[in-house]
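As a basis for the values below, the full set of heavy atoms in this structure was taken, side chains included, without hydrogen atoms, waters or symmetry mates. Sequential numbering from 1 along the given sequence is applied to the chain's residues.
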Amino acid sequence: MKYPLAIVNQLFNIYGANIGLGYDIICTFIRTLSWSSLGEKTVAFRLQGVVPSFHGHVHNWACQTHWHPMYMEGVGLEDFEGCEQTFGRSNELAGNSRLSTPFHRHQNIDEHFMFRDEDKFFASGNFIFENYRQAQEKLKFNSEALDRLAQELGNADYVDLLTKLSILYLQIADVRTRYRTTASQWVAMNDEVCRFEEENHIDVCWTPDSKDYNDVLCMMSEWKYHQTLDNLKRLVVQRPFELTKLGMNGVGM
């Protein structure tokens, strides 16, 4: 990692702040940069890391949304694949210099990159103009598309609100139905309680605080306990009979 750190330091010395740096693994290199001696300078110079567009699609979704140039403001139409294009063009040297001497191989490489630098410099004006023209076309086309999408999203939001409103209305109708059903059940049960009190000469309705209510509740609990105990005894007695029917009464189960 010493060479990338040295390159970043040289970029800081030459270009200063507000640099957009493209690197295939910038998502992990930025942490190395922050832990190095250049960490404070990286923050002060507002270095913006970018994963090149071609390699960015190999990264996971969360990494792309943070580092891919498609989602970053200020990088324009740059794909940050200049190194890949340069290396791709230099592949043609392999056939020409394969049988050359070391001196002539180095000479071919040096002349190749020297002429490439000159060609790029002379073509930079047209390159900037074409990028500007494409940017203007994209702004015009994308603005119209964004306006249509905004309208569609607005309509979608409206339909979503109407759907939620209809769901709430159905829930209110369901609550009303349950309320009417519960009220009818309460009236029927209250009539049954009044009839029972009248038949059994109960002058005052029992409440959870009354002694009679708690005494009977305790008796009901004991009755349920004995009923459960009787059911358990029945199952214990029933099990040997079932094992006998199956011929398994002596297998120790």
Inset, instruction - Report yes or no: does Ser210 contribute a side-chain atom to a donor-acceptor pair with the main-chain N or O of Thr207 at less than 3.5 Å? - result: yes
Legend entry - His59 side chain vs Asp24 backbone, donor-acceptor pair below 3.5 Å: yes
Legend entry - Set of residues satisfying side chain to side chain donor-acceptor pair (under 3.5 Å) with respect to His104, sequence neighbours excluded: Thr101
Legend entry - side chain to side chain donor-acceptor pair (under 3.5 Å) partners of Glu111, counting only residues at least two apart: none
Inset, instruction - Could you go through the side chain to side chain contact (heavy atoms under 4.5 Å, CB included) check for Ile109 and Leu93 one step at a time? - result: CA-CA 7 Å; Ile109 294 174; Leu93 293 173; 4.0 Å; yes
Which donor-acceptor pairs under 3.5 Å do side chains of residues 2-16 form with protein atoms, sequence neighbours excluded?
from  : atom 1 : to   : atom 2 : distance (Å)
Asn13 : ND2    : Asn9 : O      : 3.2

Legend entry - Leu217 with Met219, same ILVMFWY side-chain cluster at under 4.5 Å: yes
Legend entry - Between OG on residue Ser124 and CZ on residue Phe129, distance to nearest 0.5 Å: 14.0 Å
Legend entry - Gln107 side, atom CD; Ser100 side, atom OG - distance, nearest 0.5 Å: 9.5 Å
Please determine whether the number of non-hydrogen atoms from other residues, nucleotides or ligands lying under 6.0 Å from atom [atom1] of [X] exceeds 12.
{"X": "Phe113", "atom1": "CZ", "value": "yes"}
{"X": "Arg116", "atom1": "CZ", "value": "yes"}
{"X": "Met114", "atom1": "CE", "value": "yes"}
{"X": "Glu198", "atom1": "CD", "value": "no"}
{"X": "Arg176", "atom1": "CZ", "value": "no"}

Inset, instruction - Determine which pairs satisfy side-chain hydrogen bond (donor to acceptor under 3.5 Å, both in side chains) with at least one residue from residues 215-237, sequence neighbours left out, and list them in order. - result: Lys211-Asp215, Asn231-Arg234, Arg234-Gln238
Legend entry - Asp174 with Arg178: basic N within carboxylate O range, under 4.0 Å: yes
Legend entry - ring-ring contact (aromatic ring centres under 6.0 Å, His included): pairs with one or both residues in residues 183-204, sequence neighbours excluded: none
Name every donor-acceptor pair, under 3.5 Å, that has one atom in a side chain of residues 36-49 and the other anywhere in the protein, sequence neighbours excluded.
from  : atom 1 : to    : atom 2 : distance (Å)
Ser36 : OG     : Leu33 : O      : 2.7
Ser36 : OG     : Leu38 : N      : 3.2
Thr42 : OG1    : Leu38 : O      : 2.7
Arg46 : NE     : Asn18 : OD1    : 2.8
Arg46 : NH2    : Asn18 : OD1    : 3.4

